[in-house]
A.B. asks: 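The following block contains the structure, expressed as structure tokens.
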Amino acid sequence: MICEMCGKDVPATRPMMVQGAKLNLCSNCAKFGDSYKPSNRSDDGHYASGGGNMSVIEERLERRERRMQTRDIYAANGGVELIDNYGAVVRKARLKTGMTEEQFAKSINEKKGTILKIEAQSLVPDDKLISKLERALGIKLKEAVQEGGAVSGSQKSQGMTLGNFIKTEK
Ligand SMILES: [Zn+2]
């Protein structure tokens, strides 16, 4: 085979790119050329950088998807749960303020009966009332269903909230 650069007759030539042209070169001349790619070089470069961008975007999308999945798990569990002894916590905090059930009820625009029922845990306050109580008394009535936000850990920690521990200690 004839080397297209030096014209030597050699046992084998290989296709190389020399200044944008494909030449069959001997092993000696091959080092002067760039490795030959079947497709247009500029296209290759474009494709490579595009591919890089794609992976970044894909990674971001994947990360966002993971976040959303985590949020879905939280949402499915209500994200946070009312603590098991919310009645006692409300009562204790209310007594600390020195207000009677009636006074406290008035202060947050609720009926005395509602407060009595909550303190007796015969009424489960809704989210709106929970945040009202939390704000008025400076307490936390909700516990995160899971800690750390690890999706894999959620399955294990489900049903084992801090509330469960409090309950067993009673
Ligand atoms: Zn040659």
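From a predicted model like this one, the values you see are computed outputs, not experimental measurements. We count ligands from 1, going down the list as the structure has it; atoms in each ligand are counted the same way. Computation of the quantities below employed the complete heavy-atom set of this structure, encompassing side-chain atoms and omitting hydrogens, waters and symmetry-equivalent molecules.
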A.B. asks: Using modelled atom types and a 3.5 Å cut-off, is there a donor and acceptor pairing between side-chain atoms of Q121 and backbone atoms of D84?
C.D. replies: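 Yes, Q121 side chain to D84 backbone: donor-acceptor pair under 3.5 Å.
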A.B. asks: Any heavy-atom pair between the side chains of I115 and L133 that's under 4.5 Å?
C.D. replies: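 Of all side-chain heavy-atom pairs linking I115 with L133, at least one is under 4.5 Å.
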A.B. asks: Strictly distance-based, threshold 3.5 Å: is any side-chain N or O of D126 a donor or acceptor partner for the main-chain N or O of L129?
C.D. replies: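 Between the backbone of L129 and the side chain of D126 there is a qualifying donor-acceptor contact (under 3.5 Å).
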A.B. asks: Would you call K142-E134 a salt bridge at under 4.0 Å N-O?
C.D. replies: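 Judged by the 4.0 Å cut-off on N to carboxylate O distance, K142 and E134 do not form a salt bridge.
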A.B. asks: Kindly say whether K117 contributes a backbone atom to a donor-acceptor pair with the side chain of S122 at under 3.5 angstrom?
C.D. replies: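 Present.
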A.B. asks: By residue and atom, what protein N/O/S atoms are less than 2.8 Å from the Zn ion (ligand 1)?
C.D. replies: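 Checking every protein N, O and S atom gives C3 SG, C6 SG, C26 SG, C29 SG.
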A.B. asks: Between K22 and E4, is the salt bridge (charged side-chain N to carboxylate O under 4.0 Å, His left out) condition met? List the steps.
C.D. replies: CA-CA 10 Å; K22 183 196 164 196; E4 286 180 283; over 6 Å; no
